[in-house]
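One structure below.
Sequence lines set the chain letters: A, B, ... in the order given, protein chains first and strands last, and positions in each chain run from 1. No experiment lies behind these values; they were computed from the predicted model shown.
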Number of protein chains: 2
Amino acid sequence: MADELSAKQRGILQFLEDFIAKHDYPPSIRDIQNGCDISSTSVVDYNLKRLEEKGFIRRDREVSRAIELLDGQGERRRRGTVQVPVLGKIAAGIPLPVHPDQLAPEDVLDLTEDIAGNRAGLYALRVQGTSMIDALINDGDIVILEPKQVADPGDVIAAWIVDREETTLKKYYPEGARVRLQPMNSTMEPIYEDAANVEVQGKLVATIRAF
Amino acid sequence: MADELSAKQRGILQFLEDFIAKHDYPPSIRDIQNGCDISSTSVVDYNLKRLEEKGFIRRDREVSRAIELLDGQGERRRRGTVQVPVLGKIAAGIPLPVHPDQLAPEDVLDLTEDIAGNRAGLYALRVQGTSMIDALINDGDIVILEPKQVADPGDVIAAWIVDREETTLKKYYPEGARVRLQPMNSTMEPIYEDAANVEVQGKLVATIRAF
DNA sequence: TTTCGAACAGAACATATGTGCCGCGTGGGA
DNA sequence: TCCCACGCGGCACATATGTTCTGTTCGAAA
């Protein structure tokens with residue numbers, strides 16, 4: 001049960017993704033041959049068979065360009081969307097995961113580029129409780145975050161307030177030694193924290209509330 | 001400049017959608033022929049040329065199964081997503097469009113089924129102003145609505161308050177002759193309106209805020 | 001009526017494309 | 001050492017598939 005992919009197989013997989021993203025239909029074997037600088041169609045065929053065995057693609061035999069991309073577990077993949085892992089919950093009293101990659105996603109959210117933009121490494125969290133109500137974020141909402149340790153002024157960030165052990169979502173304005181954290185609800189007053197007391201944990205990309 | 005599609009052309013387009021949704025790769029001309037009960041490949045070819053002229057598909061000549069689905073305006077379509085038209089703005093003082101179909105969308109938003117669900121006829125509106133802040137909806141947010149003239153208790157609806165000429169987004173609880181409209185921010189008090197003074201204009205499906 | 005073009009039928013044609021077969025290195029195990 | 005699976009190269013082959021050509025039908029316009 002070999003789950004390992006050879007360099008050539010990873011290259012083919014990458015080429016498949018790019019080609020489909022570009023053309024909206026799968027490449028032929030000879031397209032792959034040229035795109036990956038492979039010497040023979042039979043080599044492509046050989047490696048496609050391996051990829052199919054390992055559950056990364058599915059092929060309909062005898063049909064041109066009949067390659068479907070799977071995710072390595074035999075699951076169908078969606079096109080034109082970004083898979084964003086839902087890593088867990090976010091509440092006032094718990095810090096965000098610092099290394100999102102290390103967590104097993106409990107769920108996956110498909111997002112279009114309309115929402116996700118071209119950012120990479122995004123992850124999502126479910127909001128638990130109403131502690132972020134001042135950020136116009138309710139219990140049950142989903143927040144999409146881009147992992148970041150530094151933020152630009154004006155970014156909406158997820159900040160960990162060290163001494164209060166609290167996560168908050170606010171607009172970020174560094175002002176010398178202190179930081180102004182402005183609620184997104186413009187009728188509310190900003191709070192000020194010592195710069196050393198604020199840890200930037202990520203940048204807010206979007207929030208989604210479904211009913 | 002014929003924008004009209006014949007029944008056969010609509011059938012082919014439908015078949016294309018279904019086939020691609022099912023297989024993740026486009027059908028061959030003969031697949032279309034069989035799937036649509038068309039007598040000859042040349043008829044398929046003929047109608048595909050028409051569809052291409054009208055901007056519903058794009059084809060790469062001489063390449064098998066090289067059909068891309070477009071949206072009728074020559075724009076690329078995404079797969080596994082729902083196209084939701086952005087019909088305009090929503091503000092406190094303007095009613096929602098009653099017949100969304102009749103408006104030309106100023107923009108199109110791609111949504112995955114994760115967000116849109118399986119509902120049909122959805123449309124989106126951009127929120128202008130902060131008048132919906134009590135519904136945790138900010139200036140610039142996008143609201144996704146399902147057209148509906150009647151709502152179930154507990155639905156979050158877009159309601160037109162007749163005498164105040166005002167649009168509001170609230171949870172809907174009919175209570176006999178009056179209606180309780182509960183803000184989504186649970187710390188705020190509900191308002192009560194005469195049932196005749198409340199017009200249900202649609203059901204809120206989701207809200208999206210992108211940064 | 002005639003004319004003309006849109007839509008279609010049927011078949012032949014050219015080629016794009018998946019598949020199979022034979023063979024060659026190479027490296028590890030018996 | 002021999003043997004064999006693995007990964008690969010090269011090529012021929014069958015066919016899946018897009019294209020094209022000739023004709024037919026039908027309805028509207030002349």
Exercise. In whole angstrom, give the distance that lies between atom CD of B:Q9 and atom P of C:dA7.
Key: 7 Å
Quiz prompt | Sugar-phosphate only, base, or nothing, as touched by B:D45 at under 4.0 Å among non-hydrogen atoms | solution = base
Quiz item: Out of C:dT19, D:dG10, C:dC8, which has the shortest distance to the side chain of A:R30?
Solution: C:dT19
Exercise. Give one of base, sugar-phosphate or nothing for B:S28, where a contact means two heavy atoms less than 4.0 Å apart.
Key: sugar-phosphate
Quiz item: More than 12 non-hydrogen atoms from neighbouring residues, nucleotides or ligands closer than 6.0 Å to NZ on B:K203, yes or no?
Solution: yes
Quiz item: Any side-chain donor paired with an acceptor under 3.5 Å for A:Y172 and A:D152?
Solution: no
Quiz item: For B:L48 and D:dT17, what is the distance between atoms CG and P respectively, to the nearest whole Å?
Solution: 14 Å
Self-check item: 5' priority, DNA chain C, between B:K8 and A:D31 [closest heavy atom]
Solution: B:K8
Self-check item: Beyond-backbone contact of A:L136 with A:T207, side-chain heavy atoms, under 4.5 angstrom
Solution: no
Practice problem: Nearest whole angstrom, please: distance from the P of D:dT19 to the NZ of B:K49. | Solution: 7 Å
Quiz item: Which whole-number value in Å describes the distance from A:Y25 OH to D:dT17 C1'?
Solution: 14 Å
Exercise. Ignoring the backbone of B:Y46, work out which of D:dT19, C:dA6, D:dC11 is nearest its side chain.
Key: C:dA6
Exercise. Return the value, rounded to whole Å, for the distance between atom CG of A:N34 and atom P of C:dA16.
Key: 12 Å
Quiz item: Would you call A:E52 and A:K49 a salt bridge, taking side-chain N to carboxylate O under 4.0 Å as the test?
Solution: no
Quiz item: Do B:T41 and C:dG10 have a side chain to base donor-acceptor pair shorter than 3.5 Å?
Solution: no
Quiz prompt | Side-chain donor-acceptor pair present, A:Q9, A:K54, cut-off under 3.5 Å | solution = yes
Quiz item: With no angle test and no hydrogens, is the base of D:dG18 tied to the side chain of B:R59 by a donor-acceptor pair under 3.5 Å?
Solution: no
Self-check item: Among C:dG18, C:dC21, D:dT20, the one nearest A:R65 by side-chain distance
Solution: C:dG18
Quiz prompt | Length of the line joining B:D37:CG and C:dC8:C1', which is rounded to integer Å | solution = 15 Å
Quiz prompt | A:R50 vs A:S64, nearer the 5' end of DNA chain D by closest nucleotide | solution = A:R50
Practice problem: Grab the CG-P distance between A:D60 and C:dT17 for me, whole Å please. | Solution: 16 Å
Self-check item: Under 4.0 angstrom between B:N47 side-chain N/O and C:dA6 OP1 or OP2
Solution: no
Quiz prompt | B:I29 CD1 to C:dA16 P, straight-line distance once rounded to whole Å | solution = 15 Å
